[in-house]
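All residue numbers in this chain count up from 1 along the given sequence.
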Amino acid sequence: MKLTESERAENREALARMSLPQRLDHIFEYYKFPLVLILIAVVALGSVLYYRLTRKEALLFVACANVTVGDALEDALGEGFTRAIGENPGKREVRLYRNLYLSMDASVQNHEYAYASRLKLLAAMSSGQLDVVLMNREAYDIMSAGGYLLPLEDQLSAELSQRLEGRLTENTVILEDNDIEHTLDESVPYRAETREVVNGILISSFPLLARADFSGDVYLGVIGNSARMDAVVQYIDYLTAEPSDGAA
């Protein structure tokens with residue numbers, strides 16, 4: 001109900017006679033609902049502003065499959081690259097998917113882990129959030145056979161191709177097969193149409209990764225639908241730089 005002018009005046013006088021704690025209690029009692037709404041709005045606005053101010057733009061998305069990366073190497077793979085190309089690590093970053101496991105012969109205890117890793121990789125590729133994979137030979141064979149890796153021969157500069165001579169690797173890509181029929185009925189012989197493609201780089205002997213002392217060879221592959229090829233080529237150049245090239 002709308003108050004009269006005299007009633008509003010009485011309320012103002014009553015409020016003026018109250019002590020500070022009484023005034024605060026009165027205001028909260030009668031205006032708590034709009035105050036709560038204002039507080040929610042302020043918190044939401046603050047969260048949005050904080051996210052926008054602190055959010056880093058992704059330079060690259062890199063996955064490590066069957067390859068263990070320690071803290072020092074993680075820094076080199078991420079902030080080291082960002083600094084090397086003159087970007088601000090506070091604003092841009094390499095987003096790293098660590099501890100992924102791929103295997104065609106996963107044991108029972110590792111089957112769920114391998115399945116979850118494969119789903120994560122597929123989701124990242126489908127959403128355009130995966131550019132480069134660092135992997136051991138088993139993972140490389142799986143990624144190549146699935147047709148996920150980009151042929152590299154036409155993607156690299158002449159200088160970079162020369163540096164990578166002997167390190168560019170060829171692997172099998174399955175163009176078509178009868179895997180489903182063979183799986184459902186093992187009496188059906190497995191058949192596949194394949195071709196050999198240069199789609200990997202043996203990088204574990206280059207200085208930046210050699211210090212990590214991997215137990216086996218490590219390969220780099222580029223995801224076929226990567227939308228950041230300029231950054232990918234910069235990344236390959238950074239990872240394979242020799243000391244005389246000014247590697248970080």
Engineer: Measuring from atom OG1 of Thr194 to atom CD of Glu196, what distance do you get when rounded to the nearest 0.5 angstrom?
Structural biologist: 6.0 Å
Engineer: Could you go through Val67 and Phe214, starting from their C-alpha distance and side-chain angles, then the distance that decides it, and tell me whether this counts as side chain to side chain contact (heavy atoms under 4.5 Å, CB included)?
Structural biologist: CA-CA 8 Å; Val67 172; Phe214 293 112; 3.4 Å; yes
Engineer: Side chain to side chain contact (heavy atoms under 4.5 Å, CB included) with Val222: which of Gln155, Met229, Arg228?
Structural biologist: Met229
Engineer: Does Leu202 offer a backbone N or O that forms a donor-acceptor pair with the side chain of Thr169 under 3.5 Å?
Structural biologist: no
Engineer: Answer yes or no: is there a side-chain heavy-atom contact under 4.5 Å between Ile223 and Leu150?
Structural biologist: no
Engineer: Could you state whether Met125 and Ile174 fall into the same hydrophobic cluster, counting links through intermediate Ile, Leu, Val, Met, Phe, Trp or Tyr residues with side-chain heavy atoms under 4.5 angstrom apart?
Structural biologist: no
Engineer: Taking atom CG of Asp237 and atom CG of Leu156, what is their separation to the nearest 0.5 Å?
Structural biologist: 10.0 Å
Engineer: Taking atom types as modelled, is there a side-chain donor on Asp217 or Asn136 under 3.5 Å from an acceptor on the other?
Structural biologist: no
Engineer: Both conditions, 6.0 Å and 45 degrees, for the charged tip of Arg118 above the ring of Tyr101: are they met here?
Structural biologist: no
Engineer: Step through the shown structure and confirm whether more than 12 heavy atoms of other residues, nucleotides or ligands are within 6.0 Å of CD on Glu176.
Structural biologist: no
Engineer: Looking at every heavy atom in both Leu152 and Gly200, which two are closest together, and how far apart are they?
Structural biologist: CD1-N, 3.7 Å
Engineer: Between Arg167 and Phe206 (side chain of the first, backbone of the second, donor and acceptor by atom type, cut-off under 3.5 Å), is there such a pair?
Structural biologist: no
Engineer: Indicate yes or no: at least one non-hydrogen side-chain atom of Leu121 is less than 4.5 angstrom from one of Leu102.
Structural biologist: yes
Engineer: Ignoring hydrogens, what is the shortest heavy-atom contact between Glu138 and Ser103? Give both atom names and the distance.
Structural biologist: OE2-OG, 2.7 Å
Engineer: Give a yes or no on whether Tyr190 atom OH has more than 12 heavy-atom contacts from other residues, nucleotides or ligands under 6.0 Å away.
Structural biologist: yes
Engineer: Could you check if a side-chain atom of Leu59 sits within less than 4.5 angstrom of a side-chain atom of Ile85, using non-hydrogen atoms only?
Structural biologist: yes
Engineer: What about Ile236 and Val197, same hydrophobic cluster or not, with Ile/Leu/Val/Met/Phe/Trp/Tyr joined at side-chain heavy-atom distances under 4.5 Å?
Structural biologist: no
Engineer: Does the distance from a Lys or Arg side-chain N to an Asp or Glu carboxylate O, for Glu87 and Lys91, drop under 4.0 Å?
Structural biologist: no
Engineer: Go through the steps to decide whether Val132 and Leu220 satisfy the test side chain to side chain contact (heavy atoms under 4.5 Å, CB included), and finish with yes or no.
Structural biologist: CA-CA 7 Å; Val132 173; Leu220 180 149; 3.7 Å; yes
Engineer: Hydrophobic clusters here meaning ILVMFWY residues chained together by side-chain heavy-atom distances under 4.5 Å, can you tell me if Tyr148 and Met104 are in one?
Structural biologist: yes
Engineer: Nearest 0.5 Å, please: how far is CD in Glu181 from CZ in Arg191?
Structural biologist: 8.0 Å
Engineer: Could you state whether Leu149 and Val173 fall into the same hydrophobic cluster, counting links through intermediate Ile, Leu, Val, Met, Phe, Trp or Tyr residues with side-chain heavy atoms under 4.5 angstrom apart?
Structural biologist: no
Engineer: Does any part of the side chain of Leu96, heavy atoms only, come nearer than 4.5 Å to the side chain of Cys64, both counted from C-beta?
Structural biologist: yes
Engineer: Could you tell me whether the side chains of Tyr140 and Asn199 share a donor-acceptor contact shorter than 3.5 Å?
Structural biologist: yes
Engineer: Might you point out which heavy atoms bring Ala210 and Ser205 nearest each other, and give the distance in Å?
Structural biologist: CB-O, 4.0 Å
Engineer: Do Glu93 and Thr82 meet the criterion of a side-chain donor-acceptor pair at a distance under 3.5 Å?
Structural biologist: no
Engineer: Any chance you could measure Glu159, atom CD, to Leu164, atom CG, to the nearest 0.5 Å?
Structural biologist: 10.5 Å
Engineer: Would you give the length of the straight line joining atom CG of Asn66 to atom CD1 of Ile142, rounded to the nearest 0.5 angstrom?
Structural biologist: 7.0 Å
Engineer: Is any side-chain heavy atom of Tyr219 closer than 4.5 Å to a side-chain heavy atom of Met143?
Structural biologist: no
Engineer: Should the pair Glu74-Arg98 be classified as a salt bridge under the 4.0 Å nitrogen-to-oxygen rule?
Structural biologist: yes
Engineer: In plain terms, say whether Asp131 and Arg95 are close enough for a salt bridge, that is, a side-chain N and a carboxylate O under 4.0 Å apart.
Structural biologist: no
Engineer: Do Leu122 and Tyr115 sit in the same hydrophobic cluster, where Ile, Leu, Val, Met, Phe, Trp and Tyr count as joined when their side-chain heavy atoms come under 4.5 Å apart?
Structural biologist: no
Engineer: For a 4.5 angstrom cut-off between non-hydrogen side-chain atoms, does Asn225 reach Leu130?
Structural biologist: no
Engineer: Closest heavy-atom contact between Gly90 and Lys56?
Structural biologist: O-CG, 3.6 Å
Engineer: Looking at OG of Ser117 and CD of Glu112, how far apart are the two atoms once the value is rounded to the nearest 0.5 Å?
Structural biologist: 11.5 Å
Engineer: Can you tell me if Lys120 uses its side chain to pair, donor with acceptor, with the backbone of Leu100 under 3.5 Å?
Structural biologist: no
Engineer: Would you call Ile203 and Leu134 a side-chain contact if the rule is heavy atoms closer than 4.5 Å?
Structural biologist: yes
Engineer: Go through it in stages, so that I can follow the logic: the residues are Asp141 and Thr172, the test is side chain to side chain contact (heavy atoms under 4.5 Å, CB included), and I'd like the CA-CA distance, side-chain angles, deciding distance and then a yes or no.
Structural biologist: CA-CA 7 Å; Asp141 289 344; Thr172 302; over 6 Å; no
Engineer: Could you tell me which non-hydrogen atom of Leu60 sits nearest to which non-hydrogen atom of Ala231, and how far apart they are?
Structural biologist: CD1-O, 3.8 Å
Engineer: Any side-chain heavy atom of Arg137 within less than 4.5 Å of one from Asn171?
Structural biologist: yes
Engineer: Once you measure the plane-to-plane angle for Phe61 and Tyr97, does it fall in the parallel (<30°), tilted (30-60°) or perpendicular (>60°) bin?
Structural biologist: parallel
